[in-house]
*Asks:* 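Quick one: the structure is below, and I'll ask about it shortly.
These values consider heavy atoms only, across backbone and side chains, with no hydrogens, waters or symmetry-generated copies.
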Amino acid sequence: MRYDLVIFDNDGVLVDSEPISNTILAAYLTELGHPTSYEDSIRDYMGSAMHRIHELVHERSGKRLPGDFDDVFHGRVFAAFERELEPVPGAVQVLEKLAADGVPYCVASSGSHERIRVGHRKTGLDRWFDEGRVFSSQDVGRGKPAPDLFLHAAERMGVPPEKCVVIEDSPLGVQAANAAGMDVYGFTAMTPAAKLVGARQLFPDMGELADLLV
């Protein structure tokens, strides 16, 4: 293994949540008078912390989202997760291989700790991630594309940035990993490869990842 720590993004990389959450986000923003298609949501918000959604809507419309926006959105998303969420195909096999080989890994997500935990419980991935392996944009001042979250995760795991690799599926995440001085592998199952400029490696199947990291 060429790296001392594998840092996974969560949504779209470990859990197949992006189609669910972006469908709900687009519908909710439209409901609130900010017409947004599913494609718009993927383009503008995939990989974002919640504060970025608020900032972009205000920047574009001059209007603030309601004070309960985050709670209502997460309530709808969590209910959908309970009905529909599955792990990304191949994710379990990758985690099994890393654990068997004794390779340190963690998750660093723009999502809240609650969102991460709800998704992991539903998909069974919670068995692979104790509290010490879970990091959220809630833990730092700035979300992706700032490097803060990845640097925080590396520091807590005791690994220098240059010995880390980040597994990402969003342009914001790739930017954040590069800003942190880490290698990044771009997962292209949902994101066109051309949008993950700056990734060291691109791959479409999570089942391939373990071999690529050797």
Side-chain angles (χ1 to χ4, degrees), residues 6-29 36 38-54 56 69-70 73-92 94-95 105-126 128-129 133-140 142-146 148-150 152-153 165-177 184-192 195-196 199 202-206 209:
V6 181
I7 303 176
F8 290 94
D9 176 43
N10 190 55
D11 293 293
V13 171
L14 294 175
V15 295
D16 195 16
S17 54
E18 294 291 9
I20 298 171
S21 59
N22 282 282
T23 296
I24 292 170
L25 179 58
Y28 188 26
L29 288 174
T36 305
Y38 172 76
E39 292 75 18
D40 293 336
S41 184
I42 291 287
R43 182 192 66 225
D44 294 340
Y45 303 120
M46 183 170 159
S48 297
M50 291 301 294
H51 69 81
R52 179 178 166 84
I53 299 172
H54 286 264
L56 282 180
F69 178 86
D70 292 12
F73 172 64
H74 284 130
R76 295 180 183 184
V77 168
F78 295 165
F81 280 2
E82 292 297 339
R83 296 190 303 269
E84 306 171 41
L85 190 63
E86 299 289 342
V88 166
V92 170
V94 170
L95 293 170
Y105 63 88
C106 65
V107 61
S109 172
S110 293
S112 66
H113 278 282
E114 184 182 14
R115 178 181 173 125
I116 297 166
R117 284 301 177 202
V118 167
H120 284 190
R121 282 196 301 270
K122 174 59 171 64
T123 57
L125 294 184
D126 53 343
W128 304 104
F129 291 96
R133 296 180 190 266
V134 178
F135 306 100
S136 161
S137 61
Q138 288 181 311
D139 303 330
V140 296
R142 300 180 299 168
K144 306 168 189 178
D148 304 34
L149 175 57
F150 291 141
H152 172 70
V165 61
V166 175
I167 314 304
E168 265 288 355
D169 70 333
S170 75
L172 293 176
V174 171
Q175 292 172 42
V184 55
Y185 283 27
F187 182 45
T188 61
M190 271 195 63
T191 308
K195 293 193 173 184
L196 299 180
L202 298 170
F203 67 105
D205 182 346
M206 190 57 63
L209 179 61

*Asks:* In Å, rounded to the nearest 0.5 Å, how long is the span from OG1 of T36 to OH of Y28?
*Replies:* 12.5 Å
*Asks:* Look up atom NE2 in H74 and atom CE in M50, then write down how far apart they are to the nearest 0.5 Å.
*Replies:* 4.5 Å
*Asks:* For the residue pair M206 and V13, what are the closest heavy atoms and their distance?
*Replies:* CE-O, 3.4 Å
*Asks:* Does some side-chain heavy atom of V184 sit less than 4.5 Å from a side-chain heavy atom of F150?
*Replies:* no
*Asks:* Hey, are the side chains of D16 and P87 touching, using non-hydrogen atoms and a 4.5 Å cut-off?
*Replies:* no
*Asks:* Rounded to the nearest 0.5 Å, how far does CD of Q138 lie from CD1 of I116?
*Replies:* 8.0 Å
*Asks:* Measuring only between side-chain heavy atoms, which start at C-beta, is L95 closer than 4.5 Å to F8?
*Replies:* yes
*Asks:* Is it the case that the side chain of S41 and the backbone of Y38 share a donor-acceptor pair, with hydrogens and angles ignored and the cut-off at 3.5 Å?
*Replies:* no
*Asks:* Give the intermediate values and the outcome of side-chain hydrogen bond (donor to acceptor under 3.5 Å, both in side chains) for residues R115 and S21.
*Replies:* CA-CA 11 Å; R115 178 181 173 125; S21 59; 3.2 Å; yes
*Asks:* Please give me the minimum heavy-atom distance between S48 and L172, naming the atom from each residue.
*Replies:* OG-CD1, 3.3 Å
*Asks:* Could you give the distance from OH (Y185) to CG (L202), rounded to the nearest 0.5 Å?
*Replies:* 10.5 Å
*Asks:* F203 and D205: which non-hydrogen atoms are nearest, and at how many Å?
*Replies:* CD1-O, 3.3 Å
*Asks:* Do the side chains of D44 and R52 get close enough for a salt bridge, i.e. N-O under 4.0 angstrom?
*Replies:* no
*Asks:* Do the side chains of K144 and E168 get close enough for a salt bridge, i.e. N-O under 4.0 angstrom?
*Replies:* yes
*Asks:* So, applying side-chain contact (heavy atoms from CB on, under 4.5 Å) with D9, which one of I167, D169, V166, V107 is it?
*Replies:* D169
*Asks:* Answer yes or no: is there a donor N or O on one side and an acceptor on the other, between the side chain of S110 and the main chain of S137, under 3.5 Å?
*Replies:* no
*Asks:* Would you say that V118 contacts E82 through its side chain, given a criterion of any heavy-atom pair below 4.5 Å between the two side chains?
*Replies:* yes
*Asks:* If we only count heavy atoms from C-beta on, is the L14 to V88 side-chain gap below 4.5 Å?
*Replies:* no
*Asks:* Where do R83 and I20 land on the side chain to side chain contact (heavy atoms under 4.5 Å, CB included) test, with the steps shown first?
*Replies:* CA-CA 10 Å; R83 296 190 303 269; I20 298 171; over 6 Å; no
*Asks:* Tell me yes or no: between the side chains of D11 and S17, is some donor less than 3.5 Å from an acceptor?
*Replies:* yes
*Asks:* Hey, does the side chain of N22 reach the backbone of E18 with a donor-acceptor pair shorter than 3.5 angstrom?
*Replies:* yes
*Asks:* Rounded to the nearest 0.5 Å, how far does CG of D70 lie from CD1 of I53?
*Replies:* 7.5 Å
*Asks:* Indicate yes or no: does D148 engage R142 in a salt bridge with an N to O separation below 4.0 Å.
*Replies:* yes
*Asks:* Which class fits the ring pair F81 and F78: parallel under 30°, tilted 30 to 60°, perpendicular over 60°?
*Replies:* tilted
*Asks:* Could you report the tightest heavy-atom contact between A49 and G143, atom names first, then the distance?
*Replies:* CB-CA, 4.5 Å
*Asks:* Would you say the side chain of P204 lies within less than 4.5 Å of the side chain of T188, judging by non-hydrogen atoms?
*Replies:* yes
*Asks:* Would you check if the side chain of S136 reaches a backbone N or O of D139 as a donor-acceptor pair within less than 3.5 Å?
*Replies:* no
*Asks:* For G173, does its backbone N or O pair with a side-chain atom of S170 as donor and acceptor, under 3.5 Å?
*Replies:* yes
*Asks:* Taking the side chain as C-beta and beyond, is there a heavy-atom pair between T191 and M46 under 4.5 Å?
*Replies:* yes
*Asks:* Looking only at heavy atoms, which two atoms of V15 and G119 are closest? And how far apart?
*Replies:* CG1-O, 4.1 Å
*Asks:* Taking all non-hydrogen atoms of both residues into account, name the closest pair between V77 and I24 and its distance.
*Replies:* CA-CD1, 3.8 Å
*Asks:* Taking atom CD1 of I7 and atom NE2 of H152, what is their separation to the nearest 0.5 Å?
*Replies:* 10.5 Å
*Asks:* Which of these passes ring-ring contact (aromatic ring centres under 6.0 Å, His included) with Y105: F135, F129, W128?
*Replies:* F129
